[in-house]
Protein chains: 4
Amino acid sequence: MANGRRGAPRNEEARLAILQATANQFITRHYEHLTVEGIAADAGVSKQTIYRWWPTKGALIAEAMIEGLLFAEPLTPLDTGDLRHDLVTWLDTLFEFARDERNEALVRSLVAAAAENADVGLRLSESVGAASTLIARLESGIETSELRPDAPVTDIVNALLGAFIVRILTRIPTDVGAATRLVDAVLGPAPASR
Amino acid sequence: MANGRRGAPRNEEARLAILQATANQFITRHYEHLTVEGIAADAGVSKQTIYRWWPTKGALIAEAMIEGLLFAEPLTPLDTGDLRHDLVTWLDTLFEFARDERNEALVRSLVAAAAENADVGLRLSESVGAASTLIARLESGIETSELRPDAPVTDIVNALLGAFIVRILTRIPTDVGAATRLVDAVLGPAPASR
Amino acid sequence: MANGRRGAPRNEEARLAILQATANQFITRHYEHLTVEGIAADAGVSKQTIYRWWPTKGALIAEAMIEGLLFAEPLTPLDTGDLRHDLVTWLDTLFEFARDERNEALVRSLVAAAAENADVGLRLSESVGAASTLIARLESGIETSELRPDAPVTDIVNALLGAFIVRILTRIPTDVGAATRLVDAVLGPAPASR
Amino acid sequence: MANGRRGAPRNEEARLAILQATANQFITRHYEHLTVEGIAADAGVSKQTIYRWWPTKGALIAEAMIEGLLFAEPLTPLDTGDLRHDLVTWLDTLFEFARDERNEALVRSLVAAAAENADVGLRLSESVGAASTLIARLESGIETSELRPDAPVTDIVNALLGAFIVRILTRIPTDVGAATRLVDAVLGPAPASR
DNA sequence: CAATAATCGAGACGGTACGTCTCGTCTTCTT
DNA sequence: AAGAAGACGAGACGTACCGTCTCGATTATTG
């Protein structure tokens, strides 16, 4: 059945090649050295095909993020039943991930992109920190009374993620206890067994 | 007496003109559109004079930050004796500052610069959040027992500042209670008398 | 009865719209800025319809010339019985025509097209100078003995037309006596009774 | 001694390389396929260096003409004392030159350039026909009474050259007698010994 | 009267070149 | 030396057209 449009339909293969190339280039050359010409060449596509569908580099990156091409495995929190433990584990994984200079540069690059482009910004906390899953985990912590009912869940997530990002931006190497200390600050110090 | 070097000494006037021009251009055109040629023209200086003394744009910005040319008034926290209140006030001022789209863009620009340049990154939390003063304020809070003695002061500052930056990057408009909620999130809920 | 071909016949309306658009664009934008896309848009036709029937821009222009769409009125010589006078009048009209900058540009454009495309070249002298009529006029001059029987009629036409074109190309403004001098140059000086 | 200007002086080597490359490309690829990028690559120069000094392709060609880089040997008329003979010889050489398809294309290309650019146009008749030398030859013919004193010398040159150009543009192959016939037309038929 | 074949408008596509912008280096003259 | 002026090679920008191609819709012809 007709779709109301005429002319050749958009080439899905080209679209994916472009997004994949965007991810490749973003990872290898970082945001500041990302070029549309490079992406076009890498994707085997003409520049015009890129400009026809995406207004800016940022839009490309944002879409590559949506397609899940930027990060290999999303860093999502677990749910073992112990909120404090789950948060520490998640943060530790994040810090560990960023201990590899390549990954740290990738995150920094993503922050740079987010700073210059709203589309990327909108997806930043989701992409870096799996924010929505994290929020869900915290809300489940409220149900198990590990968190008081009026805890500002979103703000807690922003604080944890923000602390991570500030560390990345200020280039302060992360010490071992950082994750625990941050969670302590946010949930209050660990009870009894401490 | 001679300083052991020959030839004309460095022109301090030119140095300041360059840094001032850097600040002007940074504020008006943002980091992504900052050009060395533009700075040179604005400062009435040749490009070579810039390249002779600064290796990168980031170094220029970092030095302009040190000279206090980027932000009009530093947003420092007060000390009224009530820590929680002082923090909320400070955060509110920050959010208020960023409510002006021009300032928000300025902060975003600074984050972009920090992401791409270590010199700027090192000074980011100081410049945006007056981090050292804030740390001092928190430490004085420990003395007045408003904070437990082992509170992770630096991490708390990172969390507060980071939450602010995450908000800026994700372009989420700030609602009225944000500052209070954030302090609650990071220090735990306000005690009894609330 | 069938013509041996199946499918929809060529759309004559589209053909004329294309040629008319070619003429419009040629006149307003000149040969160097003539684009197939512009013609297609102007004619309300798809590019493919143009490429299906004409191999090059030159072919389009040549056909527009044949259809008489490029020049409003062909500049044909008269026959008053006085050959020399008729030639001077004709040349004067030509010079007068080209005195309007718009027309001069049009002729130059046509020369450019002729230089780059054989189809246009073939029709150049006919289109600019009504060459065949001019040759006929000269041959009638032989019959009235105003011209010697072995006069190289075609070469004379080429010389007159060529001189005009050289003037156009070299951008030399035409003075009043030019037409007369040129006829003198090509036919030899006027005889006795002058 | 100072010349009043500061900054590096124009690089003469680059200038010549560019003009030489222009000539090369013009000869091998013709005007319509001449590209600034190609010239820059051929000359080993950046595009900006070209655009800094020449506003258009036409200006490049015009300057290459002035430097005598476009035509190997200028086609200048001789002076044997016999005007008619010298003109026929000159025209014959011209026709002979253009009989090689490569040269014909070169002349056509030059006409195209002249049609689209005034700088080239100004130099066309000089470059193709050595117009000034030809005019001088005709004036010397007046002194020897081979030409009447009031002969329109410039117009005669335009007519001869124009006839040549029209032949080139209309792609009419040149027959053997063409040169003689044209000169006959212009000087009147040859006297006695014919 | 279905199957076939050609036309047409629309528009996506890989390419090439455009003319501009900025980079970081360099060369010259002046202070 | 340091500095102003500015030329230079390099390379990316975003745009304009090229000529080809794929669509779906619309005619005609033919078996």
Side-chain angles (χ1 to χ4, degrees), chain A residues 1-11 13-15 33-38 40-41 43-53 55-57, chain B residues 5-11 13-14 33-38 40-41 43-53 55-57, chain C residues 1-11 13-15 33-41 43-53 55-57, chain D residues 1-11 13-15 33-38 40-41 43-53 55-57:
Chain A
M1 195 209 162
N3 67 353
R5 281 173 69 269
R6 288 202 287 185
R10 180 171 183 182
N11 183 341
E13 205 178 340
R15 181 182 150 266
H33 295 120
L34 196 66
T35 71
V36 174
E37 299 208 329
V45 137
S46 89
K47 275 201 290 180
Q48 193 54 50
T49 299
I50 296 181
Y51 283 112
R52 183 163 19 241
W53 300 108
T56 61
K57 271 187 283 187
Chain B
R5 284 164 70 266
R6 289 198 294 181
R10 179 170 183 183
N11 183 341
E13 204 179 341
H33 295 121
L34 196 66
T35 71
V36 174
E37 302 207 327
V45 135
S46 84
K47 277 201 293 178
Q48 192 54 49
T49 301
I50 297 180
Y51 283 112
R52 179 153 28 233
W53 301 107
T56 61
K57 270 189 286 187
Chain C
M1 192 211 161
N3 68 351
R5 280 171 69 271
R6 288 202 288 187
R10 179 171 184 183
N11 183 341
E13 204 178 343
R15 180 182 153 267
H33 296 122
L34 197 65
T35 71
V36 174
E37 300 208 328
I39 293 171
V45 137
S46 85
K47 278 201 290 179
Q48 192 55 48
T49 300
I50 296 180
Y51 283 111
R52 181 156 25 234
W53 302 108
T56 62
K57 270 190 285 187
Chain D
M1 195 208 162
N3 66 353
R5 281 176 69 271
R6 289 201 287 187
R10 180 170 182 182
N11 183 340
E13 204 177 342
R15 181 183 152 265
H33 295 121
L34 196 65
T35 71
V36 174
E37 299 209 328
V45 137
S46 89
K47 274 200 291 180
Q48 192 54 48
T49 298
I50 296 181
Y51 284 111
R52 185 164 16 243
W53 300 108
T56 61
K57 271 187 283 188

**Student:** Counting side-chain heavy atoms from CB outward, which of F:dG9, F:dA28, E:dG14 is closest to C:P9?
**Tutor:** F:dA28
**Student:** Tell me whether the OP1 or OP2 atom of E:dC13 has a side-chain N or O from A:W53 closer than 4.0 Å.
**Tutor:** yes
**Student:** Using heavy atoms to find the nearest nucleotide of DNA chain F for D:G7 and C:G38 separately, return the residue whose nucleotide is more 5′.
**Tutor:** D:G7
**Student:** Without decimals, in angstroms, what is the distance between A:H33 NE2 and F:dG11 C1'?
**Tutor:** 12 Å
**Student:** For a quick check, tell me whether the side chain of D:K47 and the base of F:dG9 share a donor-acceptor pair closer than 3.5 Å.
**Tutor:** no
**Student:** Please enumerate all residues that pass side chain to side chain donor-acceptor pair (under 3.5 Å) together with D:T35, with sequence neighbours excluded.
**Tutor:** none
**Student:** For D:A40, give me all partners under side-chain contact (heavy atoms from CB on, under 4.5 Å), at least two apart in sequence or on another chain.
**Tutor:** D:K47, D:I50
**Student:** Is the distance from OP1 or OP2 of F:dG9 to the nearest side-chain N or O of D:T49 less than 4.0 Å?
**Tutor:** yes
**Student:** To the side chain of D:V45, which of E:dT7, F:dG9, F:dC8 is closest?
**Tutor:** F:dG9
**Student:** Specify the separation, in whole Å, of atom CG of C:N11 and atom P of F:dT26.
**Tutor:** 15 Å
**Student:** Is a donor on one side and an acceptor on the other found under 3.5 Å between the side chain of B:K57 and the backbone of B:L34?
**Tutor:** yes
**Student:** How many Å lie between CD on A:Q48 and C1' on F:dC13, as a whole number?
**Tutor:** 13 Å
**Student:** Nearest-Å distance, CD1 (D:I50) to C1' (F:dC8)?
**Tutor:** 12 Å
**Student:** Rounding to an integer number of Å, can you tell me how far B:L34 CG sits from E:dC21 P?
**Tutor:** 17 Å
**Student:** Below 4.0 angstrom from OP1 or OP2 of E:dA6, is there any side-chain N or O of C:R10?
**Tutor:** no
**Student:** For C:Y51 and E:dA12, what is the distance between atoms OH and C1' respectively, to the nearest whole Å?
**Tutor:** 15 Å
**Student:** Just the rounded figure in Å: distance from C1' of E:dA17 to NZ of D:K57.
**Tutor:** 9 Å
**Student:** Working to the nearest 0.5 Å, report the span between CZ of A:R52 and OG1 of A:T49.
**Tutor:** 4.5 Å
**Student:** Among E:dC18, F:dA2, F:dG19, which nucleotide has an atom closest to any side-chain atom of C:V36?
**Tutor:** F:dG19
**Student:** For A:W53, is the NZ or CZ atom of A:R10 found under 6.0 angstrom from the centre of its six-membered ring and inside 45 degrees of the ring axis?
**Tutor:** yes
**Student:** Considering heavy-atom distances to DNA chain E, does A:G44 or D:A8 have its closest nucleotide positioned more toward the 5' end?
**Tutor:** A:G44
**Student:** Could you tell me whether the phosphate oxygens of E:dA5, OP1 or OP2, come under 4.0 Å of any side-chain nitrogen or oxygen in C:R6?
**Tutor:** yes
**Student:** Tell me: CD of B:E37 to P of E:dT25, nearest whole Å?
**Tutor:** 13 Å
